[in-house]
There are 2 protein chains.
Amino acid sequence: MVTIKDIAKMANVSVATVSNALNGKESVKPKTKEQILKLAKELNYVPNSIAQGLVKNSTKTINIVISGPSSFNLFSNPNFFQLVRSITIYLDKIGYYVLLSIIDMDEELQKIPRIAQSRSSDALILLGSRRSNDELIAMINRINIPTLVIDRGTFKEDIVTVSVDNQKCTYLATRHLLEMGHRRIGFLGEIPGYRLAEERLEGYRQALDEEGIPYDESIVIKGDYYQESGLVGIRQLLAHAVPRPTAVTIANDLMALGAIEGIEQEGLRIPEDISIIGCDNIPNLHLLKVPLSTVSIPFSEIGRLAAKKAVGILEGNDQLPRQIMLTPELRIRSSVNGI
Amino acid sequence: MVTIKDIAKMANVSVATVSNALNGKESVKPKTKEQILKLAKELNYVPNSIAQGLVKNSTKTINIVISGPSSFNLFSNPNFFQLVRSITIYLDKIGYYVLLSIIDMDEELQKIPRIAQSRSSDALILLGSRRSNDELIAMINRINIPTLVIDRGTFKEDIVTVSVDNQKCTYLATRHLLEMGHRRIGFLGEIPGYRLAEERLEGYRQALDEEGIPYDESIVIKGDYYQESGLVGIRQLLAHAVPRPTAVTIANDLMALGAIEGIEQEGLRIPEDISIIGCDNIPNLHLLKVPLSTVSIPFSEIGRLAAKKAVGILEGNDQLPRQIMLTPELRIRSSVNGI
DNA sequence: CTGAAAGCGCTTACAG
DNA sequence: CTGAAAGCGCTTACAG
């Protein structure tokens, strides 16, 4: 491992001068600088980022923290990858490192502040937590480095966040169902206390409201946003709801995938017997046996903006609003029939 | 930020003693130790991992380096996520950090050694590179920390690697086609110089050989393993091959997805007019309009073993073989017809 | 323009 | 059992 000391010795100067030269300080005599740079190149010198980090109290790394449910086989949300990918690409380009932590939901409240305190990163981007806003805020307040929450709901509090307008997602989806003539519309994906889910439920409600259709909780079904719960949930809905809905707004595509199976198992056809619409626009929906209509969420943009915002805060030139909310778009395919 | 110094002051001992106590050294008097531990807890002390890293010359972090093509929108391989996820989960559990780097293929040969030299991680896990074995080995030899290559082909050289038996993948796939009565079988996904792709082509060849069917390069089509090239490739095959194949072995599922579209665009049906089989077993293939038969690759296991192996090497208790090769399994769905 | 010195927060022999 | 000292590889005032 070649260090600044080696170069100093060979160039017959002090380590301070080497450091200054390497960092492009004006004070170094051009001749000296040139010599040092040449040596560094020859010796293939790369600064030890750990040592730099210690003295600068900055690691140029941002930690993406994904909280998942304890049974990790369930943890297969393709959106996370898009998010992680766009964050990483942005950060890599500007010379930042990205740390990735996947932590068990049960431990997140203790673990995330520890991660921050270990100083292994300069900022945190939180992803996937199902905690209530209050719990999340209490935790973030204990964290001593900039922390963003992404792909979640809105916060009244002064949290830095970038996400989609969740309410609008399901509003758009339900509106589409309404426009296709449906009146009896179910909802799949309720999670009380989890803000994102509450907002998606709210969008559904809002669309019904506008049409004067009363909210019927007997056709609002819980679902944990994973595929299996879509299967279970839709079967439950189909088995018990009287009269049976002609359409259902499903809070995300993963559950819609499960629902496609569940509906098939019940011997029903989509969209002839029942229409469904999802949310997220995960890849390759057009190739499904039932090309799924859905609402598209700009995950790559969320990731990119989150990364940009984090760096902006760290470098003191942040121009972006504290809370960024992106707009979803309806994507009509063929899982919704007119009636 | 509370440091070891703060605790030392409050406990009226030296920092050395605090350090020893915190690290569970036997030498510290139980009474002293207890007091220090109590203080640390109260003050919510978390060691500065950067400082520890500097003195120990170890960061307890492993860097997953994904090389992708320069146009990153193409870079959407769901397998990478499975791999990253399983590595991260394993590593998180045992207190390791994981750094994630996504780098442009054009720069990988320069950038990866620099990453290693920056000492931001203790080991590298390389993923997604399309370089020739020779180039890769030359690069790895310049790297001064343990480096594994995963999800790739075999190496004759003494490289640490974990992957699937690629040749067997396509051998199994093609064998299945053969058993279903096909004789005129195309191949989609040739990339000369890229070992993984060569091995998959070889598996196809082997299966044909065993049946005495001559290799016909006019029905072996290039494909870059991304979806779009599956679409383009299959159309090319369909347009030019005489006689037209009754089946085609496609080197991965992503291209098979593209091929499904391409075949549709050509006005043909799967499997009535043409049978296809993929490789990888990406999620939710059973929900496609054409439930895709494929060969399953144990990505999670590859990731887990890679992580385990890396840590084993780092901690000097590695029991695993230098080169680990996992076995694929045929997954029959309904994209292959008998004839 | 250059270098000696201090310091970032820790760990590790080693002397007592 | 405890503490003084050195050191990990760097950067940053500051004196000259």
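Each chain gets a letter, A, B and so on, in the order the sequences are listed, and its residues count up from 1. Atom set for the values below is all heavy atoms of this structure, side chains included, hydrogens, waters and symmetry mates excluded.
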**OP:** Check the distance between D/dT2's P and B/Lys31's NZ and give it to me in whole angstrom.
**Re:** 12 Å
Original post:
Which part of the nucleic acid, if any, lies within reach of A/Thr3 when heavy atoms closer than 4.0 Å are counted: base, sugar-phosphate only, or nothing?
Top reply: sugar-phosphate
Subject >> Closest nucleotide among D/dC1, C/dT11, D/dG3 to the B/Lys29 side chain >> reply: D/dC1
Original post:
Under 4.0 Å: is that the gap between some side-chain N or O of A/Tyr45 and OP1 or OP2 of D/dC10?
Top reply: yes
Subject >> Name of the residue among B/Lys111, B/Glu107, B/Glu108 meeting side-chain hydrogen bond (donor to acceptor under 3.5 Å, both in side chains) with B/Ser67 >> reply: B/Glu108
Original post:
Which atoms form the tightest heavy-atom contact between B/Ser163 and B/Gly153, and what is the distance?
Top reply: OG-O, 4.0 Å
**OP:** Output yes when B/Glu34 and B/Lys31 qualify as a salt bridge under the 4.0 Å nitrogen-oxygen rule, no when they do not.
**Re:** no
**OP:** Between D/dC10, C/dG9, D/dG3, spot the one nearest the side chain of A/Pro47, thanks.
**Re:** D/dC10
**OP:** Specify the closest pair of heavy atoms between B/Asp151 and B/Ile302, including all atoms of both residues, with the distance to one decimal.
**Re:** N-CG2, 4.4 Å
**OP:** Compare side-chain N and O positions of A/Ser19 against OP1 and OP2 of D/dT11 and report whether any pair is under 4.0 Å apart.
**Re:** yes
Original post:
What is the pairing partner of D/dT2, taking Watson-Crick or G-U wobble pairs with both distances under 3.5 Å in any strand?
Top reply: C/dA15
**OP:** Ignoring the backbone of B/Ile4, work out which of C/dC10, C/dG3, D/dT2 is nearest its side chain.
**Re:** C/dC10
**OP:** Please state how far atom NZ in A/Lys60 lies from atom C1' in D/dC10, giving the value in whole angstrom units.
**Re:** 16 Å
Subject >> Rounded distance in Å - CG (B/Asn12) to P (D/dT2) >> reply: 12 Å
Original post:
Which nucleotide in the list C/dG7, D/dA5, C/dC10 gets nearest to the side chain of A/Val55?
Top reply: C/dG7
Subject >> Given DNA chain D, 5'-ward residue of the pair B/Ser27 and B/Lys56, judged by closest heavy atom >> reply: B/Ser27
**OP:** Measure the distance from CG on B/Asn57 to P on D/dG9 and round it to the nearest whole Å.
**Re:** 7 Å
Original post:
Is A/Asn48 touching bases, backbone alone, or none of the nucleic acid, heavy atoms closer than 4.0 Å?
Top reply: sugar-phosphate
**OP:** Measure the distance from CG on A/Leu22 to P on D/dT11 and round it to the nearest whole Å.
**Re:** 7 Å
**OP:** Kindly say if A/Gln52 contacts the phosphate of D/dT11, meaning a side-chain N or O under 4.0 Å from OP1 or OP2.
**Re:** yes
**OP:** Would you please confirm or rule out a distance under 4.0 Å between OP1 or OP2 of C/dG3 and any side-chain N or O of A/Ser14?
**Re:** yes
Subject >> Earlier contact from the 5' end, DNA chain D, for B/Leu54 and B/Glu26 >> reply: B/Glu26
**OP:** Would you indicate what B/Asn23 reaches in the nucleic acid, counting non-hydrogen atoms under 4.0 angstrom: base, sugar-phosphate, or nothing?
**Re:** sugar-phosphate
**OP:** Could you tell me whether B/Lys25 contacts a base, only the sugar-phosphate backbone, or nothing, with contacts defined as non-hydrogen atoms closer than 4.0 Å?
**Re:** sugar-phosphate
Subject >> Minimum heavy-atom distance A/Leu99-A/Ser121, with the two atoms named >> reply: CD1-CB, 4.4 Å
Original post:
What integer distance in Å separates A/Asn20:CG from C/dT2:C1'?
Top reply: 9 Å
Original post:
Does A/Thr32 place a side-chain N or O at less than 4.0 Å from the phosphate oxygens OP1/OP2 of C/dC1?
Top reply: no
**OP:** Using atom NZ of A/Lys9 as one end and atom P of C/dG3 as the other, report the distance to the nearest whole Å.
**Re:** 15 Å
Subject >> A/Lys308, NZ: over 12 other non-hydrogen atoms inside 6.0 angstrom >> reply: no
Subject >> Rounded distance (Å) that lies between atom P of C/dG9 and atom CG of B/Leu43 >> reply: 15 Å
